[in-house]
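Model, not experiment: these values are computed from the prediction. Just so it is clear, the values below take in all heavy atoms, side chains as well, and ignore hydrogens, waters and symmetry mates.
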Amino acid sequence: MIITSCRNINVDDRDENLAFAVNVKVMAIYSLYILNKAGTLIFQNDYVGSVEKLSHNAYISLGSMFHGLHAIASNLSPTGSSSGIETIETEAFKLQCFQTHTGMKFYTISDPNHPNLDEILHNIYELYTDYVLKNPFYELEMSIRCDLFDDKLNRLLKGTTAD
Amino acid sequence: MASNINKNAVNIVDRPLPKGKTEINLSSFAFLFSEIIQYSQDRIKAGHELEKKLSDIGFLVGTRVLELLVFREKNPKRETKLLGILSFIHSNVWKALFGKQADSLEKSTEADDECKKTTTTNSTYMISDANMIVNKYISLPKSLSSLNCASFVAGIVEGILSSAEFPARVTAHNVAVEGKRFTKTVILIKFNAEALVGR
């Protein structure tokens with residue numbers, strides 16, 4: 001009865017390389033938002049010091065507003081069903097959203113020229129499934145407070161090792 | 001057709017015990033362990049009872065693990081020495097369960113109060129592991145920061161020691177490591193007086 005951890009060790013290595021690559025190009029991810037399937041904000045964090053901090057309630061309304069816009073966008077499609085907003089691009093930032101099959105939304109606010117947001121969002125989803133869903137003290141649909149998840153996200157998005 | 005099914009359908013208890021390595025997916029284990037903890041949490045009144053509950057479940061695993069590992073050994077023998085059984089746990093058991101040896105096995109240098117009182121020799125040992133696989137995905141909430149889910153592993157160790165006739169109290173603790181953000185796990189083994197007689 002050996003429990004293997006090989007797969008996860010590889011994933012960790014890849015995360016670090018990826019975070020390193022991001023760091024070199026200075027294509028920062030400013031913040032990350034996670035919405036549950038009802039559109040409630042369950043996680044928000046900024047990864048660049050220069051981002052202006054808002055009140056806790058402001059983040060929650062921003063999250064719900066995005067959820068609403070996403071729903072409207074998917075209904076506005078003239079050609080059948082649409083999966084909703086995937087990216088919003090402006091001169092100053094780019095918002096990229098990844099919706100899971102369970103209806104959760106992960107979206108990042110980043111530098112407009114960031115090259116591989118799809119991959120990063122997928123990696124964030126993987127971290128969520130590992131360090132949040134397998135944590136017995138996390139209640140589904142509630143806000144995420146897991147030290148290990150925070151640590152792994154910091155490694156991925158900032159390229160820091162907070163050991 | 002019918003005879004074919006009968007031929008292949010061997011009752012699970014009639015199958016031979018596999019001799020070699022059998023690996024289990026870490027995710028499957030993590031979900032099962034997570035459910036065990038949530039199940040236990042619903043059935044306790046105070047926080048410290050959770051450790052007891054996990055330890056009790058581990059105890060049942062431990063008694064079976066000892067039998068299995070001794071059965072699989074090439075030259076099985078009964079371990080009668082204290083250090084023998086401890087190093088068996090530190091290397092063989094850890095390897096069989098987690099795929100690697102524990103980080104270290106030490107004798108506690110601090111003579112605790114109980115030992116001073118009874119003037120017996122110090123009988124506390126520690127097995128430490130910085131990356132306990134059972135805790136890989138577990139982040140503790142602030143209200144339960146002293147809990148260590150490796151109590152389950154402590155229970156396994158207690159089960160092994162108890163069925164090998166070395167009665168002991170085994171507990172799991174979080175110990176801060178200098179320069180590291182996350183704590184390491186120390187399994188504290190305190191042998192009962194009768195385990196030390198004549199040894």
Side-chain angles (χ1 to χ4, degrees), chain A residues 1-16 19 32 34 42-45 47 56 100-102 122-163, chain B residues 17-18 20-42 47 50 54 61 64-65 68-69 72 93-100 130-145 147 149 152-153 156 177-183:
Chain A
M1 195 173 80
I2 291 184
I3 301 156
T4 46
S5 61
C6 302
R7 194 187 68 89
N8 295 80
I9 288 167
N10 289 338
V11 169
D12 285 355
D13 287 348
R14 202 183 62 212
D15 291 350
E16 263 156 50
L32 166 70
I34 302 177
I42 54 170
F43 185 87
Q44 194 282 334
N45 201 8
Y47 294 93
H56 188 61
T100 69
H101 291 292
T102 49
H122 200 267
N123 285 337
I124 294 171
Y125 184 32
E126 200 167 319
L127 289 180
Y128 167 81
T129 53
D130 274 347
Y131 293 95
V132 179
L133 292 185
K134 290 175 195 165
N135 182 2
F137 302 103
Y138 173 69
E139 264 180 80
L140 221 58
E141 309 281 313
M142 301 307 275
S143 56
I144 301 171
R145 272 186 228 95
C146 302
D147 293 344
L148 283 168
F149 182 61
D150 291 343
D151 182 61
K152 298 285 166 183
L153 276 179
N154 275 331
R155 279 177 188 225
L156 176 68
L157 301 177
K158 277 190 192 167
T160 53
T161 45
D163 265 0
Chain B
L17 274 174
K21 286 183 181 176
T22 343
E23 298 201 346
I24 283 177
N25 186 304
L26 179 59
S27 289
S28 325
F29 171 77
F31 280 120
L32 175 66
F33 191 55
S34 169
E35 282 306 318
I36 289 174
I37 292 172
Q38 288 175 48
Y39 174 90
S40 314
Q41 232 181 348
D42 290 345
L50 182 58
L54 289 174
V61 177
R64 289 161 172 81
V65 161
L68 182 67
L69 292 183
R72 276 182 187 165
V93 172
W94 240 252
K95 256 193 193 142
L97 292 178
F98 312 122
K100 56 155 193 155
N131 303 300
M132 209 66 213
I133 257 173
V134 296
N135 284 339
K136 186 169 170 77
Y137 300 117
I138 296 178
S139 317
L140 294 165
K142 286 209 172 65
S143 54
L144 287 170
S145 58
L147 173 84
C149 295
F152 174 69
V153 181
I156 295 180
V177 190
E178 218 174 296
K180 293 257 184 185
R181 197 178 147 201
F182 296 102
T183 55

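- With a 4.5 Å cut-off on non-hydrogen atoms, B/E35 does not touch chain A at all.
- Using a 4.5 Å cut-off between heavy atoms, B/L147 touches chain A through its side chain atoms alone.
- Residues B/K136 and A/L148 approach most closely at O-CD1, 3.4 Å, considering heavy atoms.
- Neither the backbone nor the side chain of B/L68 comes within contact range of chain A; no heavy atom of the residue lies under 4.5 Å from a heavy atom of that chain.
- The minimum heavy-atom distance linking A/K134 with B/A30 is given by the pair CD-CB, 3.7 Å.
- Summarising the geometry, atom SG belonging to B/C149 is positioned 4.0 Å from atom CZ belonging to A/F137; distances are rounded to the nearest 0.5 Å.
- When all heavy atoms of A/L133 and B/F31 are compared, the closest pair comes out as O-CE2, 4.0 Å.
- Minimum heavy-atom separation, A/C146 to B/S139: CB-OG, 3.5 Å.
- Between A/N135 and B/S34, the shortest heavy-atom distance links the atoms C-OG, 4.1 Å.
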